[in-house]
Amino acid sequence: GDSVTQTEGQVALSEEDFLTIHCNYSASGYPALFWYVQYPGEGPQFLFRASRDKEKGSSRGFEATYDKGTTSFHLRKASVQESDSAVYYCALGDRSNNRIFFGDGTQLVVKP
Amino acid sequence: GPKVLQIPSHQIIDMGQMVTLNCDPVSNHLYFYWYKQILGQQMEFLVNFYNGKVMEKSKLFKDQFSVERPDGSYFTLKIQPTALEDSAVYFCASSPRLGVGAETLYFGSGTRLTVL
């Protein structure tokens, strides 16, 4: 079945550090890929998506590129801020059944 | 951006009682979802709903669970009877597009359910 794997459970950085959160997926078809961000006490918020191979999604300085060859959609940001501290979810959208599959999430902690 | 409202934000009930969680989705959206999140764990899909019917449900969507959206009002998740393991945060989500699995979900802030 479809699934998403996020390698890092938690990432701790200092402000202005470079961020990478790894996401790999497994799907039988050609899914859409998403990143969501969840702040404490809130529901996940859509960050951005990509729908086809080599497409780059981006928002608020975060970006990820759909790579069908390596089945990856890694999240990157060149310079993180303390306000970026949150849980980040990689997700996969199955076009056949309208279901979104979430990864386990990665807790990002950015220290000033 | 579009807002999904969930009522109540917290609910505490005794095991065996019935509970109804309410969701007011984005007004022009067509697909509705419930997800369950136990504290510190991942988001888990429960069910999606379109045109008055359950389209797909996961193994977590037990027989004690039901969903409905009567006459375009709240999209509800009912649990009857509740069990201790139902304690979690339940997130409602909606999306605007028909038949496209790639569409963006908009989430509410969740209802924290505690079953004693």
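By convention in this document, chain letters (A, B, ...) are assigned in the order of the sequence lines, proteins followed by strands, and residues within each chain are numbered from 1. Note that the coordinates shown come from a computational prediction; the quantities given were computed from them, not determined experimentally.
Chain B is approached within less than 4.5 Å, heavy atom to heavy atom, by no residue from residues 18-26 of chain A. Residue-level contacts of residues 103-112 of chain A with chain B, in order of numbering, are A/Gly103, A/Asp104; threshold 4.5 Å between heavy atoms.
Every pair passing disulfide (SG to SG under 2.5 Å) that includes a residue from residues 16-73 of chain B is listed here, sequence neighbours excluded: B/Cys23-B/Cys92. Pairs engaging residues 71-84 of chain A under the salt bridge (Lys or Arg N to Asp or Glu O under 4.0 Å) rule: A/Lys77-A/Asp84 [sequence neighbours left out].
Only the side chain of A/Gln38 comes within contact range of chain B, with at least one heavy atom under 4.5 Å from a heavy atom of that chain. Of the two parts of B/Gln37, only the side chain, counted from C-beta on, holds a non-hydrogen atom closer than 4.5 Å to a non-hydrogen atom of chain A.
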Audit row: A/Phe48, A/Arg60, side chain to side chain contact (heavy atoms under 4.5 Å, CB included) steps and yes/no: CA-CA 10 Å; A/Phe48 58 81; A/Arg60 309 184 210 172; over 6 Å; no
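Taken to the nearest 0.5 Å, the CZ atom of A/Phe34 stands 7.0 Å off from the CG atom of B/Leu105. In this structure, CG on B/Asn28 lies 8.5 Å from OG on B/Ser94, to the nearest 0.5 angstrom. Here the CD-OG distance, from A/Glu15 to A/Ser85, works out to 8.5 Å after rounding to the nearest 0.5 Å.
By the 30° and 60° cut-offs, the orientation of the rings of A/Phe62 relative to A/Tyr88 is tilted. The aromatic rings of A/Phe73 and A/Tyr66 stand perpendicular to each other, their planes meeting at an angle above 60°, with 30° marking the opposite boundary. Relative ring orientation between B/Tyr106 and B/His29 is described as tilted, the plane-to-plane angle lying within the 30° to 60° band. Ring planes of B/Phe107 and A/Tyr36: perpendicular class, angle over 60° (limits at 30 and 60°).
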